[in-house]
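Notes to accompany the following structure.
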Amino acid sequence: MSKTKKGVRLEHISKIYQDPKTGKDFYAVKDTSLDIEPGSFVTLLGPSGCGKTTTLRMIAGFESPDEGEIYLGDEPINELTPNKRDTAMVFQSYALLPHYNIFDNVAYGLKLRKLDKATIKEKVTNILKLVGLEGMEARMTNQLSGGQQQRVALARALVIEPGVLLFDEPLSNLDAKLRVSMRTEIRRIQQEAGITAIYVTHDQSEAMALSDNIIIMNKGVVAQMGTPQEIYYHPNSEFVADFIGEANFLKGVMTGADGDHSLLDVAGTKVRVPAKEGMTPGETYTVVLRPESATLAPEGGLPCQVVLSCFMGSYQNYHVMVGDTLVKLTDYNPKNKRIYQVGESCSLVFDPESVHIL
């Protein structure tokens with residue numbers, strides 16, 4: 001697929017719907033601006049009703065923005081119908097043609113474009129090889145597993161060589177194990193094809209595994225955009241921290257400074273945390289602590305009491321109370337470690353560099 005890669009740019013896009021119960025207008029997407037690099041894999045992530053699917057459908061042309069402009073490369077596309085846009089969509093439902101075999105399903109878009117038979121055969125054969133369905137051209141789609149149907153849908157979208165490939169929760173109908181293997185395949189195929197991909201999901205692990213960048217949406221606006229690592233380790237709000245991975249939130253009052261660290265009073269105990277610009281003594285701050293970033297020790301940290309101790313094979317799952325705050329811990333490889341039991345008093349210990357301050 002040697003076509004020029006295209007990026008996508010959204011400039012102050014809004015979509016307004018009417019609430020059928022109240023009759024009042026509301027913003028499904030509000031004043032959203034995004035710049036998606038050519039050849040990158042970007043995921044729109046967020047809870048139901050956050051505006052991610054509406055945003056994708058506006059890029060595809062199935063919805064029209066009420067405000068703002070969408071660009072594909074340097075071309076404004078608001079006025080173009082879906083079939084005139086250089087995009088292809090992979091749907092949640094696959095939307096395959098049941099009376100056609102794999103070859104004819106994949107060739108459908110090429111036939112609409114009136115390509116000659118030899119070109120169609122070559123393109124379909126190449127794309128089936130890419131998605132791992134080589135030699136299955138004559139198989140009917142109703143004889144296929146969910147994962148195979150998903151590959152056919154992907155091949156059908158890729159074969160027309162779109163500038164941008166759009167995915168609307170394509171793995172949500174598959175079982176958990178197949179979802180993991182298919183997301184690896186989707187990433188491999190996207191990288192081999194070098195195509196720009198925009199993917200919608202509410203599954204955070206899917207977003208982390210696939211994306212160059214993640215766009216977290218909440219109530220119609222972009223909450224944060226960044227690499228999976230940036231969003232996981234440096235969330236800009238409690239909403240983002242809580243939505244991507246699991247997070248504990250400890251409140252602490254700043255009491256002073258210690259070199260390039262700040263001192264916080266958390267539940268009556270002083271802890272060192274990385275200094276953040278603008279921190280002021282006497283102010284309350286939130287410490288974001290990931291479950292895997294802390295351990296339990298006999299002493300030397302935040303005093304706590306164990307309220308849950310559960311062996312999960314590869315890790316010991318703990319819930320502890322630090323003052324009035326419940327903290328969840330994931331202690332990996334517990335085989336040769338001391339296991340703390342429910343009711344025990346101990347200390348919550350963490351490296352200051354492993355926490356993030358809000």
Side-chain angles (χ1 to χ4, degrees), residues 1-8 36 38-41 56-57 59-62 72-73 75 77 79-171 173-174 178 181-200 210:
M1 295 181 68
S2 56
K3 274 183 65 170
T4 309
K5 297 175 187 177
K6 289 187 180 176
V8 176
I36 294 166
S40 64
F41 198 119
L56 190 79
R57 289 176 65 81
I59 296 167
F62 300 126
L72 193 55
E75 180 189 15
I77 58 171
E79 304 305 318
L80 299 180
T81 55
N83 61 320
K84 294 281 192 287
R85 299 185 183 200
D86 192 11
T87 61
M89 177 91 99
V90 180
F91 295 94
Q92 191 175 340
S93 61
Y94 316 142
L96 300 178
L97 302 161
H99 308 304
Y100 284 25
N101 62 21
I102 288 178
F103 184 95
D104 289 333
N105 260 284
V106 175
Y108 185 74
L110 300 175
K111 287 175 180 172
L112 288 180
R113 286 164 173 75
K114 302 198 164 37
L115 271 65
D116 63 83
K117 280 188 176 177
T119 304
I120 289 174
K121 188 169 195 300
E122 183 190 352
K123 284 180 179 291
V124 172
T125 303
N126 289 342
I127 217 76
L128 289 178
K129 192 174 180 181
L130 182 68
V131 301
L133 292 174
E134 210 176 357
M136 295 176 67
E137 290 85 349
R139 190 86 63 90
M140 300 303 285
T141 54
N142 60 3
Q143 299 171 327
L144 304 178
S145 68
Q148 288 169 330
Q149 287 183 32
Q150 184 58 76
R151 287 168 193 264
V152 176
L154 189 53
R156 186 182 58 188
L158 282 165
V159 80
I160 61 172
E161 300 186 11
V164 178
L165 192 55
L166 307 172
F167 294 91
D168 185 14
E169 305 213 25
L171 305 182
N173 292 334
L174 303 179
L178 191 54
S181 63
M182 269 310 296
R183 77 186 185 206
T184 308
E185 277 296 280
I186 284 175
R187 182 59 164 152
R188 175 188 68 80
I189 290 161
Q190 179 265 337
Q191 287 178 318
E192 276 191 40
I195 195 169
T196 307
I198 304 173
Y199 191 100
V200 161
L210 284 165

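Fair warning: this is a prediction, and the values are worked out from it, not measured in the lab. Residues take their numbers from the sequence shown, with the count starting at 1.
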Minimum-distance pair of heavy atoms, taken over all atoms of [X] and [Y]:
X      : Y      : result
Pro162 : Ile195 : O-CD1, 3.3 Å
Leu178 : Gly147 : CD2-N, 3.5 Å
Ala157 : Ala88  : O-CB, 3.6 Å
Ala155 : Ile127 : CB-CG2, 3.7 Å
Gln92  : Glu169 : CG-O, 3.4 Å
Ala193 : Leu158 : CB-CD2, 4.3 Å

Does atom CZ of Phe62 have more than 12 heavy-atom neighbours from other groups under 6.0 Å away? yes

I'd like to know whether CD of Glu79 has more than 12 heavy-atom contacts from other residues, nucleotides or ligands below 6.0 angstrom.
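Count not over threshold, so no.
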
Supply the atom-to-atom distance [X] [atom1] to [Y] [atom2], rounded to the nearest 0.5 angstrom.
X      : Y      : atom1 : atom2 : result
Leu166 : Arg57  : CG    : CZ    : 11.0 Å
Leu110 : Thr119 : CG    : OG1   : 9.0 Å
Gln148 : Thr141 : CD    : OG1   : 11.0 Å
Lys121 : Leu115 : NZ    : CG    : 15.0 Å
Ile102 : Glu137 : CD1   : CD    : 7.5 Å

Please examine the side chains of [Y] and [X], heavy atoms only from C-beta on, and report whether any two atoms are closer than 4.5 Å.
X      : Y      : answer
Ile186 : Leu171 : yes
Asp86  : Glu75  : no
Arg151 : Met182 : yes
Leu96  : Arg156 : yes
Asn126 : Glu122 : yes
Leu56  : Met89  : yes
Thr196 : Leu165 : no

Open item on the list: Looking only at side-chain N and O atoms, does Gln190 offer a donor or acceptor that is under 3.5 Å from a partner on Arg187?
Closed with: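 Present: a donor and an acceptor within the cut-off.
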
Q.
Test: ring pair (Phe, Tyr, Trp, His ring centres under 6.0 Å). Region: residues 121-168. Which pairs qualify, not counting sequence neighbours?
A.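 Found Phe167-Tyr199.
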
Exercise. Check the pair Leu72 / Val8 against side chain to side chain contact (heavy atoms under 4.5 Å, CB included), numbers first and verdict last.
Key: CA-CA 5 Å; Leu72 193 55; Val8 176; 3.7 Å; yes

ask   = Is it true that Asp104 and Lys111 have a side-chain N and a carboxylate O under 4.0 angstrom from each other?
value = yes

Heavy-atom donor-acceptor pair, Arg85 side chain to Ile59 backbone, under 3.5 Å: yes

Next on the checklist: Whether the side chain of Gln191 engages the backbone of Ile189 through a donor-acceptor N/O pair (distance < 3.5 Å, no angle test) should be reported.
Outcome noted: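 Absent.
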
Would you please test Leu144 and Met136 for side chain to side chain contact (heavy atoms under 4.5 Å, CB included) and show each step? CA-CA 10 Å; Leu144 304 178; Met136 295 176 67; 4.0 Å; yes

